[in-house]
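Comments concern the structure below.
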Amino acid sequence: MSAAVVTRFAPSPTGYLHIGGARTALFNWLYARGRGGKFLLRIEDTDRARSSPEASAAILQGMAWLGLDHDGDVISQFERADRHAEVANELLAAGKAFKCFATQDEIEAFREAARAEGKSTLYRSPWRDSDAASHPDAPYVIRIKAPSGGTMVIKDEVQGDVRIAHEQLDDMILLRSDGTPVYMLAVVVDDHDMGVTHVIRGDDHLSNAARQMMIYEAMEWPLPVYAHIPLIHGPDGKKLSKRHGALGAQEYQLMGYPAAGMRNYLARLGWSHGDDEFFSDAQAREWFDLAGIGKSPARFDTKKLEHLCGQHIATSENAALQQELLAFRTAIGENNLPDVKLALLSDAMNCLKERAKTFPELLEKAEFLLVDRPIEPDEKALKSLDPVSRGILSTLTPHLQNASWTRDALEAATADYADSNGLKFGKMAGPLRAALAGRSVTPSVFDMLLVLGRDEALARIKDAAQEHG
RNA sequence: GGCCCGUUCGUCUAUCGGUUAGGACGCCAGGUUUUCAACCUGGAAAGACGAGUUCGAUUCUCGUACGGGCUGCCA
């Protein structure tokens, strides 16, 4: 009987939600949600100078957009400093940690000398086994007593067994001289107290795992299952950085990628389930497991993201898609749409969603229903409204007026008209499109005719036939 | 410098000793077509390098190269 799964995402609030962080959060979320477990969120804000509430808010916002809901309250690591200190003191009392009075200058001098000689820069504190009686009345840090002589084996679900000799581990600091805890201590104590069973994080923490294991062992706490996932790189294979363009989850939101597509793409980046490429959240939750995570870093590919997003938009349920589209409009600062337009949009959703990869594309195709008469044709549309074309519109109008306003009837009417006038259908569709939408990127003319309705459509055609004459 | 991790088409990946090395995005060609797209068919495209183990290595081992991480009183 295995205990319930508890995972966590633990970002430091130094900026927006990084795309790599978003994927780490997604993996943790998927793992917990797929197993009926809990997904916790902890903000690692112990470095006060580099933490900001704005960054925390941005991270929360990014996760909300991606739909990565967490269980329980958001935990602030900083607020748990007392508990961290308590553990450090417990270790001190048990003789598993010690007070070190070495000054930072001394340590720095030691490292410089070691580097110069090409020797290990791991600091060996002379205070490790010192007598309390010899302790000066000076500031000190608390360091853990690193084990020696053996090997630390990190049993990693992604990387396999990683062995690190105890000699590679130093008597790391637990508590700074001002009494505040250091990150290594804080993570371990928090993960333990929060009951985290699976630590899924970036592999930049792989080496740290060995250091953290020293604390678990000293406290005789059970180890979590580790899974260190490779980082995401830029298109050039280098570590993702500012010059690679968009990095924040929020930027992708503002570019109009649907969250479902983003989740799908991110999940697929570094994780696989056979040949499955396009899948729903439900499938992802069911399929996701640590064994499917790859070992090598992946590069971010916008083209594939777009493709998947197009698939998700096309298969979205209309009402939900419309809601998300409206949320996108709000996010980019557009005004709310009046009810009439909402109704039209809802009617048009079926024909709009088939061919758009992002929300801006969806909106571009929807523009025909968002504008009001008189329509200002754009340059391309204007070219389709030359005198000849306007003539076509004029003579076509009666045929449309007489048709019952159904797709079949409209198709028949236009086909008949084109036929009897010796016109190719496209010759007529162009002007019609320009008249109805004032632009060239639109849904099919029949879709527009039906969505707009007889009166509005005929009025627009009439406008176009008469204008610019 | 020391320690650790990684390396299959351009990109994301499948393969858990025996395959014509598969799929997806992108790309190229063709088709469909009412604009932008979408869609359909076909095509080019890969095991970093070198040893070893084995009847047989992309797969296991070692080395080299390249990339990455850690090596803080940062997280």
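What you see is a predicted model; the values in this text were computed from it and never measured. The sequence lines fix the lettering, A, B, ..., with proteins before strands; numbering per chain opens at 1.
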Of the candidate nucleotides [options], which contains the atom at the shortest distance from the side chain of [X]?
X	options	value
Ser444(A)	rU34(B), rC74(B), rU11(B)	rU34(B)
Gln311(A)	rC39(B), rC70(B), rG67(B)	rC39(B)
Arg355(A)	rA38(B), rG23(B), rC73(B)	rA38(B)
Ser440(A)	rC73(B), rU13(B), rU35(B)	rU35(B)
Ser272(A)	rU13(B), rA75(B), rU34(B)	rU13(B)
Lys357(A)	rC73(B), rG10(B), rA38(B)	rA38(B)
Lys304(A)	rA14(B), rC74(B), rA24(B)	rA24(B)
Arg176(A)	rU13(B), rA75(B), rU35(B)	rA75(B)
Phe425(A)	rU34(B), rG68(B), rA75(B)	rU34(B)
Ser12(A)	rC12(B), rU35(B), rA75(B)	rA75(B)

(message) Before you tell me yes or no, could you show the steps for Asp193(A) and Arg83(A) under salt bridge (charged side-chain N to carboxylate O under 4.0 Å, His left out), namely the whole-Å CA-CA distance, both residues' side-chain angles and the distance that decides it to 0.1 Å?
(response) CA-CA 10 Å; Asp193(A) 289 0; Arg83(A) 156 100 262 239; 2.9 Å; yes
(request) For Phe359(A), check ring pair (Phe, Tyr, Trp, His ring centres under 6.0 Å) against everything at least two apart and list the hits. (result)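 Here the qualifying residues are Phe328(A).
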(request) May I ask you to check whether Phe300(A) and His233(A) place their ring centres under 6.0 Å from each other? (result)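 No; Phe300(A) has its ring centre 6.0 Å or more from that of His233(A).
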(request) Verify the ring-centre separation between Tyr16(A) and His18(A): is it less than 6.0 angstrom? (result)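 Centroid separation for His18(A) and Tyr16(A): 6.0 Å or greater.
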(message) Within the 4.5 Å heavy-atom criterion, are Leu450(A) and Asp347(A) side-chain neighbours or not?
(response)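 They are not in contact (no side-chain heavy atoms under 4.5 Å apart), so the answer is no.
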(message) Contact between Val199(A) and Gln212(A) at the side-chain level, heavy atoms closer than 4.5 Å - yes or no?
(response)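 Not in contact.
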Scan nucleotides 1-6 of chain B against the protein and return all N/O pairs shorter than 3.5 Å with their distances rounded to 0.1 Å.
from	atom 1	to	atom 2	distance (Å)
rC3(B)	O4'	Gln168(A)	OE1	3.2
rC5(B)	O3'	Gln159(A)	OE1	3.3
rC5(B)	O2'	Gln159(A)	OE1	3.0

(message) So if I take residues 99-113 of chain A and measure heavy-atom distances to RNA chain B, which residues fall below 4.0 Å?
(response)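 When residues 99-113 of chain A is checked for heavy atoms under 4.0 Å from RNA chain B, the hits, listed by number, are Ala102(A), Gln104(A), Arg111(A).
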Ring geometry between [Y] and [X] (parallel below 30°, tilted from 30 to 60°, perpendicular above 60°):
X	Y	result
Tyr183(A)	His205(A)	tilted
Tyr123(A)	Phe110(A)	perpendicular
Phe288(A)	Tyr31(A)	perpendicular

(request) Can you check whether any acceptor in the base of rU34(B) is under 3.5 Å from a donor in the side chain of Arg433(A), or vice versa? (result)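 Under the 3.5 Å cut-off, the side chain and the base do form a donor-acceptor pair.
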(request) Describe the nucleic acid contact of Met172(A) in one word from base, sugar-phosphate, nothing, applying a heavy-atom distance below 4.0 Å. (result)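 If one applies the 4.0 Å heavy-atom cut-off, Met172(A) turns out to touch nothing in the nucleic acid.
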(request) Could you tell me whether Asp463(A) and Arg460(A) make a salt bridge, using a distance below 4.0 angstrom between a side-chain N and a carboxylate O? (result)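 Arg460(A) and Asp463(A): not salt-bridged.
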(request) If a protein heavy atom is under 4.0 Å from the base, mark B; if only from the sugar-phosphate, S; if neither, -; do that for nucleotides 59-66 of chain B going 5' to 3'. (result) --------
(request) For residues 416-432 of chain A, pull every pair meeting side chain to side chain donor-acceptor pair (under 3.5 Å), keeping only residues two or more places apart or in separate chains. (result)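 Of all non-adjacent pairs touching residues 416-432 of chain A, those that pass side chain to side chain donor-acceptor pair (under 3.5 Å) are Thr395(A)-Tyr417(A).
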(request) Pick the C1' atom in rU8(B) and in rA46(B), then give their distance to the nearest Å. (result)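 Result for the C1' pair: 5 Å, nearest Å.
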(request) Searching all strands shown, indicate the nucleotide that pairs with rG18(B) (Watson-Crick or G-U wobble; both distances under 3.5 Å). (result)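 Pairing partner: rC55(B).
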(message) For Lys155(A), give me all partners under side chain to side chain donor-acceptor pair (under 3.5 Å), at least two apart in sequence or on another chain.
(response)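 Once residues adjacent in sequence are excluded, Lys155(A) has no partner under the side chain to side chain donor-acceptor pair (under 3.5 Å) criterion.
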